Structure formats: structure tokens, C-alpha cells
Amino acid sequence: MYVMDDEAELWQRARQEDGTAFAALFDRHHARVYRRALALLGDVHDADDTAAAAFFELWRKRRSVPLVSGSVLPWLLVTTVNLSRNTRRSSARYRALLRDLPHPAPVAGPDAELSETSRRLAEALLRLAPVDAALIVLTTLEDLPVMAAAESVGLTAPNARVRLHRARARLRVELHDLHPEIRPIVEGSPT
């Protein structure tokens with residue numbers, strides 16, 4: 001389980017502007033937040049910036065951020081998903097601008113290092129509604145229970161399960177060509 005016994009105490013101290021307690025929370029969760037940002041963005045620099053921004057937001061909103069199952073990690077992961085979506089949109093606008101400029105040859109970048117599946121999954125997640133993407137990340141990629149994920153995004157567990165079912169079905173349809181042996185489930189069709 002991801003819950004640390006002393007995290008509630010650390011968070012309480014951090015909320016009272018204890019920098020040492022906040023640093024302990026940063027050390028505890030930074031690697032996981034960074035990995036999630038890297039998986040969504042595929043660029044180490046963007047992932048660094050996004051992880052830093054997630055912790056900055058945690059500090060900035062420390063008075064109102066609730067613990068979920070005794071941890072700030074779910075809140076950090078949801079924030080990372082949302083910040084990653086914003087970064088991808090900004091990057092897409094920037095790439096479109098660069099595409100319109102004349103240049104001699106394309107340069108291979110960090111995106112070339114991602115597998116086709118990882119790249120397509122990250123793009124598909126970014127096309128989902130933010131809450132749905134956060135639910136997929138929290139439950140499927142980060143192995144949090146549906147109850148904790150639902151609480152993190154402000155939903156009831158039954159509502160989260162319905163949204164997860166629909167989001168997974170949409171991902172199956174979008175990514176079906178990567179794994180044709182997995183039959184997409186279309187809502188309303190017999191299984």
C-alpha cells in the first residue's frame with residue numbers, strides 16, 4: 001500500500017509552513033510524480049518541469065489540499081496529469097509553429113525514444129476528459145484502488161467505476177490496432 005504512517009503528520013507540519021516536512025514529502029513522492037510525467041510527456045525536460053510544477057502547486061494550495069487515504073500522492077498524480085495535458089497542448093502549438101517554418105531536416109528527439117505503444121497511449125490519455133485520464137492513471141498505471149482514485153478527483157466510487165469503464169472502452173477502440181487480439185468493447189454491444 002502507498003500510505004505512509006507518518007505522512008499525515010508530515011502534511012500537517014508542511015501546511016504550517018514547515019519546509020523540512022515539505023521536503024520530506026517531496027523526497028517521498030518525487031520519483032513517482034516524475035515517472036508519471038515522463039510517461040505522459042516523453043521528454044525528460046518537460047517531465048522535470050511538470051514534476052516541479054506539481055510540487056509547487058502542492059505548496060501553493062497546501063491549506064486546501066486534502067489527504068486521500070492518508071497521502072498527498074493521489075492529489076499530486078492528478079495534478080501531474082492535468083499539468084501534462086497543458087504541456088502537451090502548449091508543445092503541440094509550438095510544434096505547429098515550427099512545422100510552418102522552413103528548416104532543412106527533421107531532428108530526432110526524445111519522442112523517438114518512446115515506443116509506439118507508449119506514445120500512442122500517452123496521446124490517447126490526453127484526449128480523454130481530465131477526470132477520466134486521471135482515473136485511468138491512478139487506477140491502471142499507479143495501482144490505486146478505485147475508492148482512492150474517486151476521492152482524489154471528487155467523485156463517488158460508483159461514478160468513478162462508470163467513467164473508468166467508458167474511458168477504458170474508448171482507449172481499447174483508439175489503440176485496437178496496436179493489439180488486434182484484444183477485441184474492443186463498444187458500449188451497448190453484447191460481450
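Numbering of residues begins at 1 and proceeds along the displayed sequence. Quick caveat: nothing in here was measured; it's all calculated off a predicted structure.
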Donor + acceptor pair across side chains of N82, R85 (<3.5 Å): no
Over 60° means perpendicular and under 30° means parallel, so classify the ring planes of F22 and F55, tilted if in between.
-> perpendicular
The complete set of salt bridge (charged side-chain N to carboxylate O under 4.0 Å, His left out) pairs with one or both residues in residues 45-54, sequence neighbours excluded, reads none
query = Should M147 and V72 be regarded as members of a common hydrophobic cluster, given that ILVMFWY residues are connected when their side-chain heavy atoms come within less than 4.5 Å of each other, either directly or indirectly?
reply = no
Distance col, row L175:CG vs R170:CZ, nearest 0.5 angstrom, shows 10.5 Å
Inset, instruction - Determine yes or no for a side-chain-to-main-chain donor-acceptor pair under 3.5 angstrom, with S71 supplying the side chain and V68 the backbone. - result: no
Is a donor on one side and an acceptor on the other found under 3.5 Å between the side chain of R62 and the backbone of W59? yes
For this session: Treat each ILVMFWY residue as a node, draw an edge where side-chain heavy atoms are under 4.5 Å apart, and state whether L67 and L138 are in one component.
Result: yes
Residues at least two apart in sequence or cross-chain that pass side chain to side chain donor-acceptor pair (under 3.5 Å) with R15, listed by chain then number, are none
Residue pairs meeting salt bridge (charged side-chain N to carboxylate O under 4.0 Å, His left out), one or both in residues 63-81, sequence neighbours left out, come to E17-R63
When rounded to the nearest 0.5 Å, the distance separating CG of L77 from OG of S152 is 8.0 Å
Those residues at least two apart in sequence (or on a different chain) that pass side-chain contact (heavy atoms from CB on, under 4.5 Å) with R161 are V146, A157, P158
Using a 3.5 Å cut-off and no angle test, enumerate the donor-acceptor pairs between side-chain atoms of residues 125-137 and protein atoms at least two apart in sequence or in another chain.
unit_1: R127; atom_1: NE; unit_2: E174; atom_2: OE1; d: 3.1
unit_1: R127; atom_1: NH2; unit_2: E174; atom_2: OE1; d: 2.6
unit_1: D132; atom_1: OD1; unit_2: R163; atom_2: NE; d: 2.6
unit_1: D132; atom_1: OD1; unit_2: R163; atom_2: NH2; d: 3.1

Nearest heavy-atom contact between G70 and E7 is O-CB, 3.5 Å
Open item on the list: For a 4.5 angstrom cut-off between non-hydrogen side-chain atoms, does R36 reach L40?
Closed with: yes
By side-chain contact (heavy atoms from CB on, under 4.5 Å), A47 pairs with (sequence neighbours left out) Y34, A37, L38
Residue pairs meeting ring pair (Phe, Tyr, Trp, His ring centres under 6.0 Å), one or both in residues 120-156, sequence neighbours left out, come to none
Salt bridge (charged side-chain N to carboxylate O under 4.0 Å, His left out) filter on R60, not counting sequence neighbours, yields E57
Residue set satisfying side chain to side chain donor-acceptor pair (under 3.5 Å) with R13, at least two apart, ordered chain then number -> D18
The side chain to side chain donor-acceptor pair (under 3.5 Å) partners of N159 (sequence neighbours excluded) come to none
Between the CG atom in L144 and the OG1 atom in T139, the distance rounded to the nearest 0.5 Å is 8.0 Å
CZ (R32) and CD (E142) are apart, to the nearest 0.5 Å, by 4.5 Å
Sorted by chain and residue number, the side chain to side chain donor-acceptor pair (under 3.5 Å) partners of E151 (sequence neighbours excluded) come out as none
Sorted by chain and residue number, the side-chain contact (heavy atoms from CB on, under 4.5 Å) partners of A54 (sequence neighbours excluded) come out as V33, L76, T79, T80, L83
Within the 4.5 Å heavy-atom criterion, are D6 and R28 side-chain neighbours or not?
yes
What one should report as the nearest heavy-atom pair of W11 and L58 is CH2-CD1, 3.4 Å
Correct closest heavy-atom pair for R88 and A122 would be NH1-CB, 4.4 Å
